[in-house]
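Quick note: residue numbers are just sequence positions, from 1.
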Amino acid sequence: MNIRISKADLDGIKLRAIEEGLPYQTMVASIIHKYITGRLVEKRT
């Protein structure tokens, strides 16, 4: 699968993946899975 996203978004994903200790592609797959299954929730501040 190929998707086009902005460099800023990709950089952000890579940074968050590093913080979580995951490869960024695994992080993206996890985000998509959580969205599809209804488990992706926005963090309230």
(message) Please evaluate residues Lys43 and Val41 with respect to the criterion side chain to side chain contact (heavy atoms under 4.5 Å, CB included), reporting the C-alpha separation (whole Å), side-chain torsions for both, the decisive distance (0.1 Å), and the verdict.
(response) CA-CA 6 Å; Lys43 189 176 188 180; Val41 294; over 6 Å; no
(request) Supply the members, apart from Leu15, of the Ile/Leu/Val/Met/Phe/Trp/Tyr cluster built from side-chain contacts under 4.5 Å; use none for a lone residue. (result) none
(message) With a 3.5 Å distance limit and no angle check, can you tell me whether Ser30 reaches the backbone of Thr26 through a side-chain donor-acceptor pair?
(response) no
(request) Hey, could you give me the NZ/CG distance between Lys7 and Leu10, rounded to the nearest 0.5 Å? (result) 7.5 Å
(request) Could you tell me which residues satisfy salt bridge (charged side-chain N to carboxylate O under 4.0 Å, His left out) with Glu42, sequence neighbours excluded, listed by chain and number? (result) none
(request) Quick one: do Lys14 and Asp9 satisfy side chain to side chain contact (heavy atoms under 4.5 Å, CB included)? Show the steps, please. (result) CA-CA 9 Å; Lys14 286 181 177 182; Asp9 287 344; over 6 Å; no
(request) For Ile13, enumerate each residue passing the side chain to side chain contact (heavy atoms under 4.5 Å, CB included) test, keeping only those at least two apart in sequence or located in another chain. (result) Ile5, Tyr24, Met27, Val28
(request) Establish whether Ile31 and Ile18 are linked, either directly or via other cluster members, by ILVMFWY side-chain heavy-atom contacts under 4.5 Å. (result) no
(message) Give me each pair satisfying salt bridge (charged side-chain N to carboxylate O under 4.0 Å, His left out) with a member in residues 19-36, each pair once, sequence neighbours excluded.
(response) Arg16-Glu19
(request) With sequence neighbours left out, write down each residue that passes side-chain hydrogen bond (donor to acceptor under 3.5 Å, both in side chains) with Arg4, or none if nothing qualifies. (result) none
